[in-house]
Amino acid sequence: MLDLYDRPAPTRPAPRSATGAADVLFARYRRGDFAARRLLIERFLPLARNLARRYEGRGEPLDDLVQVASVGLVKAIDRFEPGRGFKFSSYAVPTMLGELRRHFRDSGWAVHLARDMQERVLKVQAAVERLSGQLGRSPNPQQVADELKMSVEHVLEAIEANSSYKAASLDAPAPSSLDDGGNQADMVGVVDERFELIEAAASIAPALRALPERERTILYLRFVKDLSQTQIAKQIGASQVHVSRLIRQALEDVRSETE
């Protein structure tokens, strides 16, 4: 069946007797003539392509959308009952549109969303397109909410959720780095300079534990509490000169221990 989907659409308009010819083909197919089924698929493929083009530009390749609409066309041909008195196109169009909407709802999302949210996104998209044609501009959230009889908050949630439909690859070229080989990953985050502090803390901790308690206290007051040597001297009951000497000796001991 897939070879049918790849054939170019006929460019000449259908003859006036197209409906009658389709009725004849359906009658033949109901009698078990599968060649008539193939001819019906060929006859209505342009309709499937036109419906698929309605959804072009929403992140899915047009060829995939044509395939989905064509599946809906085949289902419509197999299920259609000419004896009910309806035109085939009146039955086939909703069937193909249903397949397209189901494809977007179930297969196209990069991030999983609840089904009711997916359906709300599609409703909001359809309302935006419909109102844009009526207003000649993009509608605001309140206008969309009034059109769909839902709250503005639900409309905004759907608009935000729509950004989850397609994810960009981190390996894709960055817009500003097309010539120098940069990619999207280069634009996300930076190297955290505190990694060096973590490494230093891991190597210094054993050396600090080896110091006498008094020296550890002085280093804590100086480099953690950020007290001056004079303030430390008053707190431990020693001279400022003695505190300076203790700090210098403690740092030398730590450096020697870490090396």
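These numbers come from the heavy atoms of this one structure, side chains and all, not from hydrogens, waters or symmetry mates. The model shown is predicted, which means the values in this text are computed figures rather than measured ones.
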- Message: Who clusters with Phe86? Use side-chain heavy atoms, under 4.5 angstrom, across I, L, V, M, F, W and Y, and order the result by chain and number.
- Response: none
- Query: Among the clusters formed by ILVMFWY side chains lying less than 4.5 Å apart, do Ile236 and Val241 turn up in the same one?
  - Reply: no
- Item | Residues forming a ring-ring contact (aromatic ring centres under 6.0 Å, His included) with Tyr29, sequence neighbours excluded | Phe34
- Query: Where do Ala69 and Ala52 come nearest, in terms of heavy atoms and distance?
  - Reply: CB-CB, 4.3 Å
- Within-4.5 Å side-chain heavy-atom neighbours: Arg101 and Glu119: no
- Message: A side-chain contact here means heavy atoms from C-beta on lying under 4.5 Å apart; do Leu73 and Glu99 qualify?
- Response: no
- Query: For Leu45 and Ser70, what are the C-alpha separation, side-chain angles and deciding distance, and is it a side chain to side chain contact (heavy atoms under 4.5 Å, CB included)?
  - Reply: CA-CA 7 Å; Leu45 269 179; Ser70 299; 3.5 Å; yes
- Query: Between Leu135 and Gln143, is a side chain to side chain contact (heavy atoms under 4.5 Å, CB included) present by the stated rule, with each step listed?
  - Reply: CA-CA 10 Å; Leu135 301 173; Gln143 290 171 320; 3.7 Å; yes
- Is it possible for you to say whether Ile77 and Leu100 belong to one hydrophobic cluster, with membership spreading through side-chain heavy-atom contacts below 4.5 Å? yes
- By side-chain hydrogen bond (donor to acceptor under 3.5 Å, both in side chains) - contacts of Gln235 (at least two apart): none
- What are the two closest heavy atoms between Val124 and Ala158, and how far apart are they? CG2-CB, 3.7 Å
- Message: Any non-hydrogen side-chain atom of Arg54 less than 4.5 Å from a side-chain atom of Leu97?
- Response: yes
- Message: Quick check: closest heavy atoms across Asp78 and Arg30, and the distance to 0.1 Å?
- Response: O-NH2, 4.0 Å
- Task: Go through Tyr91 and Glu81 one step at a time and tell me if the side chain to side chain contact (heavy atoms under 4.5 Å, CB included) criterion holds.
- Result: CA-CA 10 Å; Tyr91 177 78; Glu81 299 179 9; over 6 Å; no
- Under the side-chain hydrogen bond (donor to acceptor under 3.5 Å, both in side chains) test, residues paired with Gln142 that sit two or more places apart: Asp146
- Note on the structure: Here the pair of heavy atoms bringing Ala127 nearest to Val144 is CB-CG1, 4.2 Å
- Message: Any non-hydrogen side-chain atom of Val128 less than 4.5 Å from a side-chain atom of Pro139?
- Response: yes
- Determine whether Val121 and Leu156 fall in the same hydrophobic cluster, where Ile, Leu, Val, Met, Phe, Trp and Tyr are linked whenever their side-chain heavy atoms lie under 4.5 Å apart. no
Without placing hydrogens or testing angles, list every side-chain donor-acceptor pair under 3.5 Å for residues 211-222, not counting sequence neighbours.
{"from": "Arg216", "atom 1": "NH1", "to": "Leu211", "atom 2": "O", "distance (Å)": "2.6"}
{"from": "Thr217", "atom 1": "OG1", "to": "Glu213", "atom 2": "O", "distance (Å)": "2.9"}
{"from": "Arg222", "atom 1": "NH1", "to": "Leu227", "atom 2": "O", "distance (Å)": "3.4"}

- Sequence neighbours left out, what pairs pass side-chain hydrogen bond (donor to acceptor under 3.5 Å, both in side chains) with at least one residue falling in residues 236-252? Gln229-Gln240, His242-Arg245, Gln249-Asp253
- Task: State, yes or no, whether a side-chain contact exists between Gln231 and Lys225 at a heavy-atom distance under 4.5 Å.
- Result: no
- Message: Would you say Leu246 ends up clustered with Ile204 if hydrophobic residues are merged whenever their side chains have heavy atoms under 4.5 Å apart, either directly or through other cluster members?
- Response: yes
- Heavy-atom closest pair (Leu47 atom, Ser89 atom, distance to 0.1 Å) is CD2-CB, 4.5 Å
- Measure up the Phe80 and Phe88 rings against each other and bin them: parallel (under 30°), tilted (30 to 60°), perpendicular (over 60°). perpendicular
- Message: Please determine whether side chain to side chain contact (heavy atoms under 4.5 Å, CB included) holds for the pair Thr230 and Lys234, giving the CA-CA distance in whole Å, both sets of side-chain angles, and the decisive distance to 0.1 Å.
- Response: CA-CA 6 Å; Thr230 302; Lys234 291 180 179 180; 4.1 Å; yes
